[in-house]
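Some notes on the structure that comes next.
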Amino acid sequence: MKLIKAYIRYRKLEEVYNGLNEAGYCCMTFAECEGTGQYSDHEKEHISYKYPFAEAFRVIKLEILVAEEHVQPVVELIRKNGRTGYRGDGMIVISPVDNVYKVRNDEEGILAV
C-alpha cells in the first residue's frame with residue numbers, strides 16, 4: 001500500500017476530485033493548508049491573512065491510500081487535473097504504508113481501505 005499526498009492549488013480541487021472519483025477512486029481526505037513555494041502567477045486573493053509575514057498561499061493537501069498497482073494511475077489523474085502550467089502547481093509525495101486497521105471492525109490491510 002502507498003499513501004499519496006498531493007499538494008495542489010485550491011482552485012483545482014474540484015477538477016482533481018472529479019477526475020479521481022470518475023475513475024473509481026472514491027475515498028480520500030482533504031485539508032486546507034497554507035504554504036510557500038515558487039509561485040509564478042501570484043493572485044492577490046490567495047495571499048495569506050493568517051501568516052502575513054510570509055507569502056503563503058492557500059493549498060489543498062489531498063491524501064489517498066491505494067494499492068501499489070494504483071499509484072501511477074492516481075498520480076497521472078492528479079497531475080492531469082491539477083495542472084495550470086504555472087510554477088507552484090504543487091507536488092505529489094508517495095510514502096509506503098505498513099498496515100491499516102479499521103477502527104469499527106477487525107479488517108486490516110488493503111481490505112480496510
Side-chain angles (χ1 to χ4, degrees):
M1 288 177 290
K2 300 288 186 177
L3 179 61
I4 300 173
K5 294 180 187 178
Y7 300 88
I8 59 172
R9 291 179 186 273
Y10 185 85
R11 63 187 164 127
K12 299 299 282 183
L13 172 60
E14 189 171 346
E15 290 174 61
V16 171
Y17 171 78
N18 287 337
L20 290 167
N21 196 34
E22 288 169 10
Y25 301 103
C26 67
C27 308
M28 59 197 87
T29 301
F30 308 110
E32 189 173 336
C33 309
E34 294 191 20
T36 61
Q38 298 179 357
Y39 293 90
S40 62
D41 63 335
H42 292 283
E43 298 172 351
K44 292 289 184 193
E45 70 268 14
H46 291 285
I47 292 179
S48 174
Y49 295 106
K50 188 173 183 180
Y51 305 105
F53 55 86
E55 286 194 17
F57 290 80
R58 286 187 350 183
V59 296
I60 294 294
K61 179 172 74 168
L62 178 153
E63 293 186 354
I64 184 168
L65 186 63
V66 298
E68 188 132 7
E69 62 268 17
H70 295 286
V71 170
Q72 268 319 113
V74 168
V75 167
E76 289 171 17
L77 284 164
I78 294 169
R79 293 178 83 189
K80 175 185 167 194
N81 292 293
R83 181 175 288 151
T84 66
Y86 292 102
R87 288 172 48 178
D89 275 350
M91 67 177 146
I92 300 169
V93 179
I94 301 169
S95 304
V97 174
D98 293 330
N99 209 350
V100 176
Y101 299 92
K102 197 113 188 191
V103 174
R104 180 177 50 89
N105 55 33
D106 292 331
E107 289 179 347
E108 65 178 270
I110 198 67
L111 295 175
V113 175

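Atom-to-atom distance recorded for Leu111:CG and Asp106:CG is 12.0 Å, nearest 0.5 angstrom. Atom-to-atom distance recorded for Phe30:CZ and Ile8:CD1 is 7.5 Å, nearest 0.5 angstrom. If you take NZ on Lys12 and CZ on Arg83, they are separated by 10.0 Å, rounding to the nearest 0.5 Å. The structure places CD1 of Ile92 at 11.0 Å from CD1 of Ile64, a figure rounded to the nearest 0.5 Å. Distance CD1/Ile78 to NZ/Lys80: 13.0 Å, rounded to 0.5 Å. Put simply, CZ on Arg58 and CD on Glu32 are 5.0 Å apart, with the number rounded to the nearest 0.5 Å.
Formation of a donor-acceptor pair under 3.5 Å by the Asn81 side chain with backbone atoms of Leu77 is found in this model. In this structure, the side chain of Asn21 does not engage the main chain of Cys26 through any donor-acceptor pair within 3.5 Å.
The closest side-chain heavy-atom distance from Lys2 to Pro96 is below 4.5 Å. A heavy-atom distance below 4.5 Å is found between the side chains of Ile4 and Val66. Contact of the Cys33 side chain with the Ile60 side chain is not registered, since no non-hydrogen atoms from C-beta on lie closer than 4.5 Å. The shortest distance between side-chain heavy atoms of Thr84 and Arg11 falls below 4.5 Å.
Closest non-hydrogen pair, Met28 versus Tyr25, comes out as CE-O, 3.1 Å. Here the closest heavy-atom approach between residue Tyr101 and residue Ala112 is recorded as C-CB, 4.4 Å.
In the displayed structure, Glu63 atom CD is contacted under 6.0 Å by more than 12 heavy atoms of other residues, nucleotides or ligands. Other residues, nucleotides and ligands contribute over 12 non-hydrogen atoms within 6.0 Å of the CG atom of Asn105. By the neighbour-count criterion of 12 heavy atoms within 6.0 Å, atom CD of Glu14 is sparsely surrounded, having that number or fewer from other residues, nucleotides or ligands. More than 12 heavy-atom neighbours from other residues, nucleotides or ligands sit within 6.0 angstrom of NZ on Lys102.
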*Could you please spell out the steps behind the side-chain contact (heavy atoms from CB on, under 4.5 Å) verdict for Ile110 and Val113?*
CA-CA 5 Å; Ile110 198 67; Val113 175; 4.1 Å; yes
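Hydrophobic clustering, with ILVMFWY side chains joined whenever heavy atoms are under 4.5 angstrom apart, groups Leu20 together with Tyr10. Hydrophobic cluster membership is shared by Leu13 and Val75, with clusters built from Ile, Leu, Val, Met, Phe, Trp and Tyr side chains linked at under 4.5 angstrom. Cluster membership check: Leu62 shares its hydrophobic cluster with Ile94, using side-chain heavy-atom separations under 4.5 Å among Ile, Leu, Val, Met, Phe, Trp and Tyr.
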